[in-house]
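The analysis underlying the following values was restricted to heavy atoms, covering all of them including side chains, and did not include hydrogens, waters or symmetry mates. Each ligand, and each atom within it, is numbered from 1 in the order the structure gives.
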Amino acid sequence: MKRAKIHIEKDFELAKTDDRLFSSFLEHLGRAVYTGIFEPGHPLADKNGFRTDVLQLIHELNISHVRYPGGNFLSGYDWKDGIGPKENRPRRLDLAWRSIESNQFGINEFYDWSKKAGTQIMGAVNMGTGTPKDAGELLEYCNFPGGTYWSDLRKKHGHPDPMNIKLWCIGNEMDGEWQICHLDADDYGKKAVETAKIMRWIDRDIELVACGSSTTLQKSYPEWDRKVMENTYDFVDYISLHRYYENEGNDFDFLASFVDMDQFIHTLTGTADYVRALKRGKKDLCFSFDEWNVWYQHNQTCRDWMEAPDLLEDQYTLLDALVFSSMGMTLINHADRVKIACLAQLVNVIAPIVTERGGRVLRQSIFYPFLFLSQYGRGTVLKPVVKTPVAESRYGKTPLIYPCVVYRPEEGVVTMFCLNISEEEMELGLELRSFGSVSMEKHLCLSGNLKARNTFEAPNTVVPKTIEPVPGVFSSCTLVLPKQSFHVIRFRSVRGSAIQ
Ligand code: AHR
């Protein structure tokens with residue numbers, strides 16, 4: 001059996017997690033909005049047409065912010081089409097996804113939905129076909145108290161109080177040639193700055209996110225990021241990163257995706273620090289990893305010009321959930337610089353939650369790792385010392401054991417998330433002596449048939465198993481982790497008890 005060791009020391013603090021690390025994303029794409037969160041006439045829809053069965057699962061995930069309305073959709077979207085009396089709203093071609101947009105759901109409906117979901121809005125302004133003026137008008141509509149054209153129109157549309165949307169993306173994936181009205185880095189940087197100026201003049205309390213690279217596979221990476229940072233350093237708070245992984249036929253390479261994601265964040269942290277020095281600046285540019293997930297992009301088909309087509313409805317396996325868990329852990333392991341992260345997406349479109357039109361709702365395999373990271377991953381991130389066997393993957397030397405440790409001193413609880421990507425069981429020694437003596441409160445595990453997935457007929461095929469915790473009080477222990485498995489292990493420090 002292979003062996004690894006993790007030494008967790010309570011004073012090796014990295015940073016406190018920002019609640020916004022546990023955010024998600026809803027785009028006007030496929031059935032994310034229409035028949036996802038919004039389905040008037042569904043037996044479980046409320047008076048607004050919001051599906052309460054979906055809202056219930058979203059509450060379970062305890063999501064901070066939801067990014068809206070896109071995505072690639074954003075770059076061709078006129079937000080003014082989605083306000084006012086519904087019978088007057090235009091049906092439009094959505095060029096990003098070759099779909100018909102009915103505009104029956106817009107910013108007012110999304111605001112009302114967010115209140116029901118208990119989430120905050122991460123807004124986004126169109127930098128494709130949109131202008132800085134459009135962006136300013138949207139902000140005036142949403143946040144200005146009243147007495148002006150756009151703010152009074154909001155009141156007329158049923159929202160007397162400002163929406164107070166304080167976090168905004170300036171465009172989406174503007175580095176991508178697939179983007180409607182894609183720009184080069186300097187042109188985007190300049191447009192983002194002019195937009196930021198207008199937006200801050202309207203509401204000086206907002207925070208702004210400029211587009212970084214949409215994947216490490218872009219030829220322009222990481223030059224795009226350097227140029228955008230140099231242009232926008234004084235005007236924005238965050239640079240956005242996006243990354244999706246898929247299984248290209250080698251399970252081990254797929255499981256090693258976190259190595260690439262870690263390197264991605266590491267590289268751009270270096271780039272941000274370079275730009276800070278260049279600007280003689282005082283602030284660290286931080287990151288908004290506002291799209292992350294497993295996504296089988298090669299399976300994607302775009303059926304022509306339908307309303308709410310079935311698009312990007314990936315069905316996730318246990319293996320996908322393992323890779324997903326390591327991506328989530330990587331974000332937490334960079335909590336010093338990654339302040340916002342959005343699981344892309346939330347419902348139906350590459351999502352943890354899927355719905356039937358007019359019917360049931362289902363938790364996919366990836367629902368569970370997100371749930372655990374959101375439940376137990378908030379607190380002070382610690383830097384464990386890890387001794388692990390390694391193997392070669394497409395990303396180079398790859399650790400077979402990958403942990404993430406979060407401490408909540410006020411509760412005396414330390415949680416270790418841990419992934420074993422080895423094809424063998426792993427004996428794992430844990431050293432916890434800096435906490436005095438501890439008891440193990442909980443051990444949850446995802447493991448088994450890597451190809452298994454949840455379906456409406458068998459919804460509990462991939463669910464976490466509860467493992468009997470190591471009994472007693474101790475300061476170190478040894479566990480055996482099954483091959484290819486994800487673990488959530490919680491320890492509580494026990495004052496005054498003997499160390500075994
Ligand atoms: O989340 C699906 C798509 O992925 C988004 O629209 C786009 O931003 C990214 O390429």
Practice task
Assign the ring pair F73 / H28 to parallel, tilted or perpendicular, where the plane angle (0 to 90°) is split at 30° and 60°.
Solution key: parallel
Handout entry: Atom-level proximity to ligand 1, residues with heavy atom under 4.0 Å
Key = F25, E27, G71, N72, W97, N172, E173, Y244, E291, W295, Q345, I350
Handout entry: Quiz item: cation-pi between K86 and F105, 6.0 Å / 45°
Key = no
Exercise for the section: Measure from NZ or CZ of R378 to the centre of the six-membered ring of Y376 and say whether it is under 6.0 Å with the direction within 45° of the ring axis. Expected result: no
Practice task
Measure from the ring center of H159 to the ring center of Y111 and say whether it is less than 6.0 Å.
Solution key: yes
Problem - Between W295 and Y245, ring centroids under 6.0 Å - result: no
Exercise for the section: Using a strict 4.0 Å threshold on nitrogen-to-oxygen distance, state whether K279 and E230 make a salt bridge. Expected result: no
